[in-house]
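Have a look at the structure below before the remarks.
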Amino acid sequence: MSKSVRIAVLPGDGVGKEVMAEALFCLDWARSRGRRIETVSLPCGADHFLATGETLPEAVFVDIRDQCDAILFGSVGDPRIPDGRHAEEILLRLRQGLELTVNYRPCHSSLSGQGTRLDIEVFRENTEGPYCLQGSTEPGRAIDLAIHTEPAIRRLLQAAFHHAAARSRPLTLAHKANVLKHGHGLWLRVFQDLRGEHPEVAARAMHADALLCALVQEPSAFGVIAADNYLGDLISDLCAAYLGGMGVAPSISWAPHRPFRCSLLAEPVHGSAPDLAGKGLANPIGMILSTALLFRHLGWEPEAAALEAAVAGALGAGAKTCDLGGALSTTVMGKAIRDRLPA
Ligand code: NAD
Ligand code: IPM
Ligand code: MN
């Protein structure tokens, strides 16, 4: 019998909790097909922080790191905590502490059934750049450091080159080395090294500002886009807009060098959407497609492909939440997707 997979479930805040409920039904479905899944539900989020002062206690982090295989994450962010401290201490701690360097954000119109035809895969470095959270604020002056290291850049770019080579797709590096001479200069040097090792990949580097203009004018010219943490965040939201909005965009992060048992984090690209939270209106597709990516990374390709087909089938049949111009609630949309899953 196959080994049981242990998944830490962190719904987080706002719509994170609402869309997570739909992902948990997808885990139940995978179990009904014989996949062995154990879940550990963790209350980390704004309510828990406001009630206890705890964000992600070290013992909980260590338990996830050493006793779990993967994390399913909703979203964090709450207007009652305007500095987002709990979000940093939960989400960024997990990404950085588990060295989840590669954040993969696919944007396929074939899966979202919406908007402009698009087939772009963003590889975002997930642990460094300005997200190192080092800086200071003084009267009239503020500093945010951005730290880039060669091992993380190399891991991210290697993943992007391998993916582009395996799928015969063009690869574009987004950078601003014309201004960020140190950090993005290093990105460019590592990119050039790897381009030498992968002559089979049509690879080019573009200034990020020109890239965004071209992405709007001719999205079909792009395949795989690699970027640092900050630019990758922005580019992936622009791509999500092509698909109909934040509600449909999935992501998965992994640690290619496998430093710990827990080396997968599946989370939608969207946040806690305070404007929608509590209304039952959030689109569960980003969360469900993130669950599909998790299944694929666990080696469960039939379940991953079936979930993706069920999402495309439901949208094709006109099932939509309000962000896509429909009227379905989160739970009814989730059921419309599950009804298309094979037994
Ligand atoms: P957001 O992604 O929460 O919302 C942006 C827009 O997208 C809003 O109009 C919202 O209604 C819409 N939207 C988001 N998710 C949706 C869904 N599932 N279905 C339909 N529409 C959806 O971004 P924001 O407003 O900039 O941030 C809100 C909070 O979330 C902030 O605290 C932010 O820091 C946090 N955030 C967290 C994550 C994460 O946990 N991974 C990601 C992004 C933002
Ligand atoms: C995302 C979010 C996060 C990020 C925030 C909430 C820290 O925008 O996952 O894209 O910037 O990485
Ligand atoms: Mn973002």
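Counting starts at 1 for both ligands and their atoms, following the listed order. By convention here, the first residue in the shown sequence is residue 1.
A salt bridge links Arg338 to Glu22: one of the charged nitrogens lies within less than 4.0 Å of a carboxylate oxygen. Ion pair Asp83/Arg85 not flagged as a salt bridge, since none of the NZ, NE, NH1 or NH2 atoms sits closer than 4.0 Å to an Asp/Glu carboxylate oxygen. Between Asp193 and Arg189 there is no salt bridge, since no side-chain nitrogen of the basic residue lies less than 4.0 Å from a carboxylate oxygen of the acidic one. Salt bridge status for Glu58 with Arg93: present, with a side-chain N to carboxylate O gap under 4.0 Å. In this structure, Glu301 pairs ionically with Arg296, as a charged nitrogen and a carboxylate oxygen lie closer than 4.0 Å. By the 4.0 Å N-to-carboxylate-O rule, Arg6 lies too far from Asp66 to be salt-bridged with it.
Nearest protein heavy-atom contact of atom 7 (C) of ligand 2 is Leu92 CD2, 4.1 Å. Closest protein heavy atom to atom 5 (C) of ligand 1: Met246 CG, 4.2 Å. In terms of protein heavy-atom proximity, atom 25 (O) of ligand 1 is closest to Pro274 CD, 4.5 Å. Among all non-hydrogen protein atoms, the one lying nearest atom 9 (O) of ligand 1 is Asp275 OD2, 3.3 Å. Scanning all protein heavy atoms for the shortest distance to atom 3 (O) of ligand 1 gives Ala273 N, 2.8 Å. When hydrogens are left out, the protein atom nearest atom 21 (N) of ligand 1 is Leu276 CD1, 3.4 Å; that is the closest non-hydrogen contact. With respect to atom 29 (C) of ligand 1, the closest heavy atom belonging to the protein is Ser272 OG, 3.3 Å.
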Pair Tyr104-His163, ring-ring contact (aromatic ring centres under 6.0 Å, His included): steps then yes or no = CA-CA 10 Å; Tyr104 172 68; His163 190 87; 5.3 Å; yes
Could you please spell out the steps behind the ring-ring contact (aromatic ring centres under 6.0 Å, His included) verdict for His198 and His162?
-> CA-CA 9 Å; His198 290 277; His162 287 150; 5.4 Å; yes
Is there a side-chain contact (heavy atoms from CB on, under 4.5 Å) between Ile120 and Tyr242 once you walk through the steps?
-> CA-CA 10 Å; Ile120 288 176; Tyr242 277 123; 5.8 Å; no
Could you walk me through whether Arg261 and Asp69 pass side-chain contact (heavy atoms from CB on, under 4.5 Å), step by step?
-> CA-CA 6 Å; Arg261 172 169 171 185; Asp69 301 290; 3.0 Å; yes
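Within the structure, ligand 2 has Arg95 among the residues with a heavy atom less than 4.0 angstrom away. Heavy-atom distances between Arg124 and ligand 2 reach below 4.0 Å in at least one pair. Using a non-hydrogen distance threshold of 4.0 Å, Val269 registers as a contact of ligand 1.
Ala336 approaches Ala319 most closely through the heavy-atom pair CB-CB, 3.9 Å.
Relative to the six-membered ring of Phe123, Arg169 misses at least one condition, a distance below 6.0 Å or an angle of at most 45° to the axis.
Under 2.8 Å from the Mn ion (ligand 3) lies no N/O/S atom of Asp237, from backbone or side chain alike.
The presence of a protein heavy atom under 4.0 Å from atom 27 (O) of ligand 1 is ruled out. Shown here, atom 5 (C) of ligand 2 is out of close reach of the protein: none of its heavy atoms lies under 4.0 Å off. Atom 36 (N) of ligand 1 lies below 4.0 Å from at least one non-hydrogen atom of the protein.
The distance criterion of under 3.5 Å between nitrogen or oxygen atoms is not met by Gly77 with respect to ligand 1. Among the atoms of Ser75, none of the N or O lies under 3.5 angstrom from an N or O of ligand 1. Remark: ligand 1 and Val76 share an N or O pair separated by less than 3.5 Å (distance only, no angle test). In terms of polar-atom proximity, Asp233 is counted as a contact of ligand 2, with an N or O under 3.5 Å from an N or O of the ligand. For Tyr131, a nitrogen or oxygen atom sits less than 3.5 Å from a nitrogen or oxygen atom of ligand 2, counting backbone and side chain alike.
Atoms of ligand 1 found under 4.0 Å from any heavy atom of Glu267 (numbered from 1 in listed order, with element): 41 (N). Counting the atoms of ligand 1 from 1 in the order shown, those under 4.0 Å from a heavy atom of Gly247 are 16 (C), 17 (C), 18 (N), 19 (N). Every atom of ligand 1 with a heavy atom of Gly271 under 4.0 Å away is listed here by number and element: 1 (P), 2 (O), 3 (O), 30 (O), 36 (N), 37 (C), 38 (C), 42 (C), 43 (C), 44 (C). Close approach of ligand 1 to Ala282 is summarised as follows: ligand atoms under 4.0 Å from at least one heavy atom of the residue are 18 (N), 19 (N). Close approach to Arg105 involves these atoms of ligand 2, each under 4.0 Å from a residue heavy atom: 1 (C), 9 (O), 10 (O).
Side-chain atoms of His270 and Asn283 include no donor-acceptor pair closer than 3.5 Å. Counted by atom type alone, His148 and Trp187 present one or more donor-acceptor pairs between their side chains at under 3.5 Å. There is no side-chain donor-acceptor pair under 3.5 Å between Glu99 and Thr101.
With a 4.0 Å heavy-atom cut-off, ligand 1 is reached by the backbone of Asn283 and by its side chain too. Looking at Leu281 against ligand 1, nothing comes within 4.0 Å, counting heavy atoms. Residue contacts with ligand 1 for His270 involve both N, CA, C or O and side-chain atoms from C-beta outward (heavy atoms, distance under 4.0 Å).
Closest heavy-atom approach to atom 39 (C) of ligand 1 among the candidates Ile81, Leu91, Asp78: Leu91.
Of all N, O or S atoms in Asp233, the one lying closest to the Mn ion (ligand 3) is OD1.
Using the six-membered ring where Trp is involved, Phe191 and Phe161 have ring planes that are tilted, between 30° and 60° apart.
Between Val248 and the choices Val311, Leu324, Leu289, Val269, the side-chain contact (heavy atoms from CB on, under 4.5 Å) rule is met once, by Leu324.
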